[in-house]
Asks: 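For reference, the structure I am asking about is given below.
Since the model is a prediction, treat every value here as computed from it, not as a measurement. Reminder, nothing fancy here: chain letters follow the sequence lines and each chain counts from 1.
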Amino acid sequence: NAGVTQTPKFRVLKTGQSMTLLCAQDMNHEYMYWYRQDPGMGLRLIHYSVGEGTTAKGEVPDGYNVSRLKKQNFLLGLESAAPSQTSVYFCASSYRRKTGANVLTFGAGSRLTVL
Amino acid sequence: DAKTTQPPSMDCAEGRAANLPCNHSTISGNEYVYWYRQIHSQGPQYIIHGLKNNETNEMASLIITEDRKSSTLILPHATLRDTAVYYCAPSGNTGKLIFGQGTTLQVKP
């Protein structure tokens, strides 16, 4: 049981390049989320998904696209990377309990640098 | 989405109780209050959550005011390993958490 796995852990890009971050969870969770965290700042929600085939925008969606083709995977894409997207990216997943509560499990993070 | 206000930093002596406050005056009726912490640059770790009643688990206690506009996380016997950034965040049906700046707790020997 690996929990939430993010790939890659580190990546350096040049401005204008594209890349995809992969988040995989083996807990059969319905909900998945992508956050970014800049130095000294709190986490900000980029996009999230409440089920396979569905996605929604978070606080800072511009410059990112996402896909949830399989329940266990949530992909975050950068079509044309910019230095402002240099950040640590965290993925999380959760399920809604019978009580209505929704506890997130986070991955270890992916550190992206855009030169 | 409900906004939160937390003090930027707090100190606590090792072995003493750490009381971390959070203001969430715009919380909706169906939103739980969640607390997470982040140690160094690791992924946030879940601590506790509550709706109306006070809650306790093996990690901490959560006190929620009757009007639900604020809450306090209590670490009963803080250790050096509890040094971290603590976040409170109300959240509803989608589970999405909107984090604020959090409180940096420094536990000192």
Asks: With a 4.5 angstrom heavy-atom cut-off, which part of Leu45(A) approaches chain B: side chain, backbone, both or neither?
Replies: side chain
Asks: Measuring from atom OG of Ser61(B) to atom CD1 of Ile48(B), what distance do you get when rounded to the nearest 0.5 angstrom?
Replies: 6.0 Å
Asks: Find the distance between CZ (Arg37(B)) and CG (Asp82(B)) and round it off to the nearest 0.5 Å.
Replies: 5.0 Å
Asks: Heavy-atom cut-off 4.5 Å, strictly under: side chain, backbone, both or neither for Ser49(A) against chain B?
Replies: neither
Asks: Spell out, as yes or no, whether a donor-acceptor pair under 3.5 Å connects the side chain of Glu14(B) to the backbone of Ala78(B).
Replies: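 The answer is no, because no donor-acceptor pair under 3.5 Å joins these two groups.
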Asks: Is the closest side-chain donor-acceptor distance between His24(B) and Ser70(B) under 3.5 Å?
Replies: no
Asks: Only heavy atoms, only distances under 4.5 angstrom. Which residues in residues 61-98 of chain A are near chain B?
Replies: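 From residues 61-98 of chain A, the residues near chain B are Phe90(A), Arg96(A), Arg97(A).
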Asks: Leu97(B) versus chain A, heavy atoms under 4.5 Å apart: side chain, backbone, both or neither?
Replies: both
Asks: Quick one: closest heavy-atom pair of Gln38(B) and Pro44(B), and the distance?
Replies: NE2-CD, 4.2 Å
Asks: What is the distance from atom CG of Leu62(B) to atom OH of Tyr34(B), rounded to the nearest 0.5 Å?
Replies: 11.5 Å
Asks: Look only at the side chain of Arg68(B) and the backbone of Leu51(B), and say whether a donor-acceptor pair between them is shorter than 3.5 Å.
Replies: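 Yes, because the side chain of Arg68(B) sits within donor-acceptor range (under 3.5 Å) of the backbone of Leu51(B).
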Asks: Taking all atoms of both residues into account, what is the closest heavy-atom pair of Cys22(B) and Thr4(B), and its distance?
Replies: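 Of all heavy-atom pairs spanning Cys22(B) and Thr4(B), the closest is SG-CB, 4.0 Å.
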Asks: Which value, rounded to the nearest 0.5 Å, describes the distance between Leu21(A) atom CG and Thr7(A) atom OG1?
Replies: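 Reported value, rounded in 0.5 Å steps: 9.0 Å.
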Asks: Taking Gly102(B), Gly95(B), Gly43(B) one by one, which has the highest count of heavy-atom pairs under 4.5 Å against chain A?
Replies: Gly95(B)
Asks: Measure Ser91(B) against the heavy atoms of chain A and call it side chain, backbone, both or neither at under 4.5 Å.
Replies: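 Neither the backbone nor the side chain of Ser91(B) comes within 4.5 Å of chain A.
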Asks: Can you say whether Arg111(A) sits under 4.5 Å from chain B via the side chain, the backbone, both, or neither, judging by heavy atoms?
Replies: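 Side chain of Arg111(A) only, per the 4.5 Å heavy-atom cut-off to chain B.
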Asks: May I ask you to list the residues in residues 24-42 of chain A that approach chain B closer than 4.5 angstrom, counting heavy atoms only, ordered by number?
Replies: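 Hits under 4.5 Å: Tyr31(A), Tyr33(A), Tyr35(A), Gln37(A), Gly40(A), Met41(A), Gly42(A).
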Asks: Quick check on the interface: out of Gly58(A), Gly109(A), Ala108(A), Gly100(A), who has the most heavy-atom pairs with chain B under 4.5 Å?
Replies: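 Among Gly58(A), Gly109(A), Ala108(A), Gly100(A), the one with the most close pairs to chain B is Gly100(A).
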Asks: Given 3.5 Å as the limit, does a donor-acceptor pair link the side chain of Asn54(B) with the main chain of Ile64(B), or not?
Replies: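 Pair found, side chain donor or acceptor close to backbone of Ile64(B).
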Asks: When you check the side-chain N and O atoms of Asp67(B) and Thr65(B), is any donor under 3.5 Å from an acceptor?
Replies: yes
Asks: Starting at NE2 of His49(B), measure out to CG of Asn57(B) and round the result to the nearest 0.5 Å.
Replies: 9.5 Å
Asks: Let me know if Thr104(B) has heavy atoms under 4.5 Å from chain A in its side chain, its backbone, both or neither.
Replies: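 For Thr104(B), no heavy atom lies under 4.5 Å from chain A.
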Asks: Can you tell me how far CG of Asp11(B) sits from CZ of Arg16(B), rounded to the nearest 0.5 angstrom?
Replies: 13.5 Å
